[in-house]
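Below is a structure I'd like to ask you about.
Bear in mind that the values here come from a model prediction, so they are computed numbers and not experimental data. Below, read A as the first sequence line, B as the second, and so on, with proteins coming before strands; counting in each chain starts at 1.
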Amino acid sequence: MYDISVDERWNRYWLEHKLANFDENDAEKPIYVIDSPPPFTSGTLHMGHVSSYSFVDFMARYKRMKGFNVLYPQGWDTQGFPTEKAAEAKFGISLPREEFYKRCSEIAHENLAAMKAQMRLLGCSFDERYEYITMTPEYRAKVQLSLLMMHDKKLIYREKSPVEWCTRCLSAIAHAETEEKSVETNFVHVNFEVVGTKKHITIATTRPELMHACVALAVNGNDDRYKDIIGKKVAVPLFGQHVEIIADDHVDAALGTGAEMVCTFGDKVDREMYYRHKLKYIEAIDQRGRLANADKFSGMKISDARPEIVKALEAAGAVVKIEKITHSVKVHDRCGTEIELIPSMQWFIKVKEFAGLIKDIANDIGWTPEFTKQYLIDWANFIDWDWIISRNRVFGTPIPFWYCEKCGEIIAPEKAKLPVNPALEGSPLDKCPKCGGKAVGETATCDVWVDSSITPLVITGWPDNKELFKRSFPVDLRVQGTEIVRTWAFYTIFRSWALTDNKPFEKMLVHGMVLRPDGKRMSKSKGTGISPEELLKKYPVSPVRLWAALSSAIGKDKPILYNDFDYAKSFIIKLFNSAAFVKTAIDGKKVPTIEPSKDMGIFDVWILNRLNTITKLADNAYDTFAFYEAANAVINFYWHEFCDYYLENVKHRVYSTDKKMEKSRHAAVFTLHHVLMTTLKLLTPIIPHITEEVNSMFNSDISITLAEFPKHTERKAPPDYAINGIVYNSDIIDEDYENVGAFLNTIIAEVRKAKASARIALNKEIPSININVPEEYYKAAIAAKGEIAQICKAQAVEVAQGVYSVSIKV
RNA sequence: GGGCCCGUGGUCCAGUGGUUAAGACGCCAGCCUUACACGCUAGAAACAGGAGUUCGAUUCUCCUCGGGCCCACCA
């Protein structure tokens, strides 16, 4: 019986025998490197991982069988906010920096171990000797080296600038880490008095709490209502500062009142106008999201201040009306907190100016499916900020620089001293080489994408193992989801270029998301996820992997359907049962290793040719990541041609005890065994546990995962190729045999049909079958007469030339 | 507002410039056929709508409608 214990047994076997190890000393075999995604160590795999890592493993196993020396390391993305959050929840927030770091690292290690076990259970055949973990000193040294090198190339700078800031995480975040959230809010219409007149101008704002940081009012220059007051000053209610009315094309005259206030900073547009009009800067909120410079409101949280200020405005008679509107705000994707724009000193990597170059490299990479490249191109076309790489966190790779307190000069450590932690260690230079100012260590850590955007380099031995790097970089394949094209793919391409002047990978396989059965996204917080654990309680590994293959409409999101697992499971049962039949047919005797050509029957030649065709198809399909096609073709062939027809067609030969039938029996056994074994090999990349198990039923002591992937051979019939003793034309080739076999099967199907409609049991003997066949199949039908009689349990078969028809006498 | 993907039987999905439009699940009928009733055989059932290109369109183009994703805007 097949259950998960079989999977576990083979998983152990492969590991013990090191069957998936990369051989660095092998100079013969071509190398194939897979850049498998390092999952964030959350502690558990989700169905998206199952699908994604299945694809990775399909390719690793396929390429091994194709004779490649496969380097498939698995890495782990350990650092970042969620781990810190988990550590805070578990140990509180008041731990000292180093202690806190240690706790985070413990959590990450535990989670990593759990996830690795899950991946191993799925049969993922990564070589653990090449594992990388982003929080280790070795990995950090590489990340830091990469930053030093990019600094040498003048790609890194430090600047005080309004950045997207999470007031909960107390850190700058990258634009790519933000997401949209729709919220209902008040659209408050407020009167501003034009200074020196009795006139008012009304603006509409969703952020009345930023009144105190209002530095201008903006209207559209073409708006006739306001044309004559542009340049005049208005007084800000409650706070009284006088600000200028400015004209800016951005303002939409039709929206709100056609006038808006500019605060430092309410949103991205404020930031643009601040620069465009060289406005004054007033710090509106602090890093914790509390009002600053707001008189008696200072220190209040934004959420508390908003209603208070509206109240005060109303009391002052400045509020015209309040509308309820739904608009969207940017939130931090990891914690859902609304993003604020807060000026702070941050580290940047120049990327904006390289968007064109990144596009060029993307065009030089093979994307599957092709359209996913567009995700990256679109993103490259839109980026308008450089990459903020600093995060004001603890559990991350330290930014490896010191800087001059006075002039801001960046001081880099020696490359040999890496990894460094400037938050704890003294500067390599006491004084700034430029101005003699005091050198200060940076306390910020890196954005986690800085860690993960060098994976293709790290897995190929960069920077130390130059020999391996030379042979294996760029890597052959990157597998990843569509949702991280703008982060992981984008940054990796850029960093690879910056560090090596080369593209990071030859091919990209970009897959979609696994959705719930109803087509909606799975959400952990809503508890609507389907976990691999749940699934693996119900199904062993092979149906799960087969599901991944069969649902691999690559690049598209795909709902998870239990039908697919059930189907996969029934195929596996079929495989077992048919293998049992083949084993019985062999009956402990030796199977000939060479095809007994002279004794082959038409059905043998037919099924072997079909197998040949399917082999070619599956090979091409794997090579183009068309796992659905490969699995589907092989399964349908095996199930519905081999089992449903061939197997039935040769039963009379297999069970025959007639001495005269000995050779024919032998040929059938050869064919049964050959088709079974070849099919197992064709499916081994996808369902290795089960093919290994079936293979082991046949006294094979060699792992099927070590077998060579079946080759498509041009099978030409030799001149003396006899079918049931009748010599065929020598110009008959594959396709003809396939057609002849398929045609003869339709005769058998017709007889079955006729028997069924006459309500006769299929195994009941009937007196005769009459067949009329078209000319091109006449000879074949004559040749197969005897066999058809045997297969269909008829005493006689009459064949005549004519319009195709089959009838039976009962 | 811009870009991308997708609309195929009840459900999920494959595929194609000429096909009897594949398969799965479900449904209906028959069969315990010396591997398998978790099986086998047979059956009903589909190309969103419109226009164009073409000898011919489900396939290519455009539009409409519908669904999804990404980006921008949202004072």
Note to self: Output the rounded distance in Å from CD (A/Gln374) to P (B/C5).
What the structure shows: 8 Å
Checklist line | Atom P, compared across B/U33 and B/A45: separation rounded to whole Å | finding: 31 Å
Margin query: What does the B/S/- profile of nucleotides 70-75 of chain B look like, 5' to 3', with a 4.0 Å heavy-atom cutoff to protein?
Written below: SSSBBB
Item checked: Inter-nucleotide C1' distance (B/U8, B/U58), Å rounded ->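 Taking atom C1' in both B/U8 and B/U58, they lie 8 Å apart.
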Check: Which whole number of Å gives the distance between the P atom of B/C60 and that of B/U16?
Finding: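 B/C60 and B/U16 have their P atoms separated by 9 Å.
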Note to self: Using the ring centroid of each side chain, check whether A/Tyr804 and A/Tyr777 are separated by less than 6.0 Å.
What the structure shows: no
Note to self: Please report the distance, rounded to the nearest Å, between CD1 in A/Ile377 and P in B/C69.
What the structure shows: 23 Å
Check: Looking only at heavy atoms, which two atoms of A/Gln241 and A/Ala213 are closest? And how far apart?
Finding: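 So the two residues come closest at NE2-N, 4.3 Å.
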Checklist line | Side-chain touch A/Pro540/A/Val6, heavy atoms, less than 4.5 angstrom | finding: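 They are not in contact (no side-chain heavy atoms under 4.5 Å apart), so the answer is no.
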Margin query: Can you measure A/His640 atom NE2 to B/A42 atom C1' for me and round it to whole angstrom units?
Written below: 15 Å
Margin query: Going by side chain to side chain contact (heavy atoms under 4.5 Å, CB included), name the residues that satisfy it together with A/Phe371, two or more places apart in sequence or in a different chain.
Written below: A/Pro369, A/Tyr375
Item checked: Watson-Crick and G-U pairing of RNA chain B, under 3.5 Å, as dot-bracket with | and [ ] -> (((((((..(((.....[....))).(.(((.......))).)....(((((..]....))))))))))))....
Next item on the list: Quote, to the nearest angstrom, the C1' distance that separates B/C27 from B/G10.
Entry: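 One C1' to the other, the span is 9 Å.
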Check: Between A/Phe627 and A/Phe55, is the gap from one ring center to the other below 6.0 Å?
Finding: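 Yes; A/Phe55 has its ring centre under 6.0 Å from that of A/Phe627.
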Margin query: Please identify which of these residues, A/Ile635, A/Thr691, A/Val634, meets the side chain to side chain contact (heavy atoms under 4.5 Å, CB included) condition with A/Leu682.
Written below: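 Among the candidates, only A/Val634 passes.
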Item checked: Short side-chain N/O contact to B/G39 OP1/OP2 from A/Trp639, under 4.0 Å -> no
Check: Mind checking the P distance from B/C62 to B/C73? Whole angstroms is fine.
Finding: 28 Å
Next item on the list: Using a 4.5 Å cut-off on heavy atoms from C-beta on, say whether the side chain of A/Trp547 contacts that of A/Lys569.
Entry: no
Check: Centre of A/Phe670's six-membered ring, under 6.0 Å away, within 45 degrees of the axis: is that where NZ or CZ of A/Arg653 sits?
Finding: no
Margin query: Roughly how many Å apart are B/A24 and B/A14, using the P atom of each and rounding to a whole number?
Written below: 15 Å
Checklist line | Nearest-Å distance for atom pair NE2/P, residues A/His511 and B/C69 | finding: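 After rounding, the gap between these two atoms is 18 Å.
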Next item on the list: Return the value, rounded to whole Å, for the distance between atom CG of A/Asp566 and atom P of B/G26.
Entry: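 Result: 8 Å.
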Margin query: Between P on B/G23 and CG on A/Asp644, what's the gap in Å once rounded to a whole number?
Written below: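 These atoms are roughly 12 Å apart.
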Check: Using the C1' atom in both, what is the distance from B/U61 to B/U53, to the nearest Å?
Finding: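 About 7 Å, rounded to a whole number of Å.
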